[in-house]
Amino acid sequence: MSRPVKKSNTTALEKTPTGINGFDEITNGGLPAGRPTLVCGEAGAGKTLFSIEFVVRGALQFKEPGIIMVFEEKAEDLEMNVASLGFNLKKLQKDGLLWIDHVHVNRSEIEETGMYDLDGLFIRLAHAIDSINAKRVMLDTIENLFGSFENEGILRSELRRLFSWLKDRGVTAIITAEKGVGMLTRHGLEEYVSDCVVQLEHRVENQISTRLLRVVKYRGSLHGTNEYPFLIDEDGISVLPVTSLQLEREVSSQRISCGIESLDTMLGGKGFFRGSSILISGTPGTGKTSIAAYFADASCRRKERCLYYAFEESPPQIIRNMQSINVDLKKHIESGMLQLISTRPTLYGLESHLVAIHKKVKQFKPRTVILDPITNLVSVASASEVKSMLMRLLDFLQAEGITVLFTALVFDKENALQADEGISSLVDAWIQVRDIEANGERNRGIYIMKSRGMNHSKQVREFVITSKGLELVDVYLGPDGILIGSARVAQELQEYTGKELRSYAASRKDQAIQRKKLVLEAKIASLKEEFESVQEELNKTFIEEQLKKEIIEKNRQELTKNRNSRISENGKNSKK
Amino acid sequence: MKKNGSESDLKRMSKPPPEFDLRLYITGATPNSVKAITNIRNICESYLKDRYALQIIDVYQNASLAQQEQIIALPLLIKKHPLPERKLIGDLSETEKVLNALGVEI
């Protein structure tokens, strides 16, 4: 159903919204305004509730007064039956928004004596419509009249007249009828009501019931032709409009953490895309639920509401178990960020689960949804049905921009790739947790099988669950293959010892060098000392020589001087 | 029950309560209504002369009556007395059936 068609449609045919969850969406607006609609189905299919909701919601939500004309239930019974839905019929009647008329015909009291008509019914209806200016009318189940009157010919022509009269009055009417053999209704009412026919069905397969609604006919309007599952609960009827996979949704490039830092690192360092779908598959006891709980915890920490569907464990059980790995879900439940819902898959049919989830999501408006595990749904339906249901669920959640995480249980290690309910091709990211058995112990390995739109790690990591939490550890890729668990720890120890020894040896060598250096340095120092003393000695002699030389020179000069003076004194003598 | 036929009031005042208390509900002047009135008058005059009180009520004039009296098919003849109460629908053209239902011996 594309948008332009819908638009031209609403202008062509005026519609009256029913106010029933989801129904107005599949009919693009509701029932044909001012025309009668036939609602048929087996006993207990929900016909009466459907029509009462139409009238009461019309009065409450759209302020359109309505008439309830019942041919089977007593007015008091009716009031009691719908009181559980929170509808106060008495008050509505007082406010002039509702008119209830209970038609009771006892055949044994009546004798037919010639020609008659059903003018009484017309008068009653006209009186009711005029009294409250009604826009909506329900007739439940008018077929009962067939049991009250002998002359079927008269009855048929009168009913035909009634429906065209209703049309003339311009009221939107719902006429309910029992399903007949090979026909939509037991008395062929569909011949007279030709504008819109809605069929309700209550199907039981493998002891599990599913309610289905189908718009058989809608003259002058496009409508969804599928069988839509619906649910009856304390809020009345909810129809699920999700049908086809629409691949037009907007995508977000925002990334969100999965709660485990080391796993985020594997996912390109930032975690998953917002609004993406994530599948975690693994053999029993590999910690799928723990990953899911971490994811929920991370979501709540970001102040994003999270809806957690548990198909295996009860909420207190999950809370207790997760406390053992240091995840406190209780606190998030109390703050209203997390809702833990436990249902057994067998509680109701697959489609009803879908409706229930759909409704809850609309109500709670979570940013993340967790289904743990989807594998259990197979106990209700076949794998292909589960796949189609999950496909529709994914479609719906992703259209809402909700990040969804599924866990899937895999029994057979060898066929681990197949046993994912076939949804691995639909999801954006697929993480597999696997048992790796070696050296007499079981360890967990975690792989990212795929993660669309990001450069993710292709390595296998060991997945360790401790009382402190979850952790991913690099595995050892040795000559003997992958080492995990205690083998990895042993290897780690061995490597550590080797490293220690090596570093000790290195430090000793360093010390030796240091020592040699010191010795050499000492030697150099002493040689230097020696040289200095020799140099000093040499210097000393040199200075002595110098001094000596100076003194000798001095003396000689002295002597020379002395001699010269004597000569001048005794010059005559000498010159003589 | 409202009595709006002055005819029956007069009868009741002048004579002891009649044996047959009959009420005929009709809808204006539709063919069936007209026929029913004619037929019941004939039957009463022929078989129940001076033993009956007949009230003719037009439901169109008093629409809320239809719900109170659980009226669906019209014309409707109700025999209020003698008990048990009986309801006859139709134009009352099948005289034998009418007499039988009223408990009148021919």
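In what follows, chains carry the letters A, B, and so on, assigned in the order in which the sequence lines appear, proteins first and then strands, with residues in each chain numbered from 1. Because the structure is predicted, anything quoted here is derived from the model rather than measured.
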A:E111 vs B:K87 side-chain heavy atoms within contact, under 4.5 Å: no

B:D91 and A:T113, any side-chain heavy atoms less than 4.5 Å apart: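 In short, these two side chains do not touch, never coming nearer than 4.5 Å.
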
Worked check of side chain to side chain contact (heavy atoms under 4.5 Å, CB included) between B:T27 and A:I123: CA-CA 9 Å; B:T27 47; A:I123 291 166; 3.4 Å; yes

Count the heavy-atom pairs under 4.5 Å between each of [options] and chain A, then report the option with the highest count.
| options | answer |
| --- | --- |
| B:A63, B:G90, B:A66 | B:G90 |
| B:L88, B:T30, B:I71, B:I89 | B:I89 |
| B:I72, B:L77, B:N100 | B:I72 |

Proximity of residues 31-40 of chain B to chain A, residues having a non-hydrogen atom under 4.5 angstrom: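 Answer by number: B:N32.
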
Residue pair [X] / [Y]: nearest heavy atoms and the distance that separates them:
| X | Y | value |
| --- | --- | --- |
| A:G114 | B:S93 | CA-OG, 3.7 Å |
| A:G120 | B:L74 | N-CD1, 3.3 Å |
| A:Y116 | B:A73 | CD1-CB, 3.8 Å |

Criterion side chain to side chain donor-acceptor pair (under 3.5 Å) against A:R124, the qualifying member of B:Q70, B:Q68, B:Q67: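 Looking at B:Q70, B:Q68, B:Q67, the match for A:R124 under the side chain to side chain donor-acceptor pair (under 3.5 Å) is B:Q70.
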
Region of A:V105 that comes under 4.5 Å of a non-hydrogen atom in chain B: side chain

Heavy-atom contact with chain B under 4.5 Å, split by part of A:F122: neither

Top contributor to chain B contacts, counting heavy-atom pairs under 4.5 Å, from A:I154, A:D130, A:L121, A:D119: A:D119

Side chain, backbone, both or neither of B:T95 within contact of chain A (heavy atoms, under 4.5 Å):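 Contact with chain A: none, neither part.
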
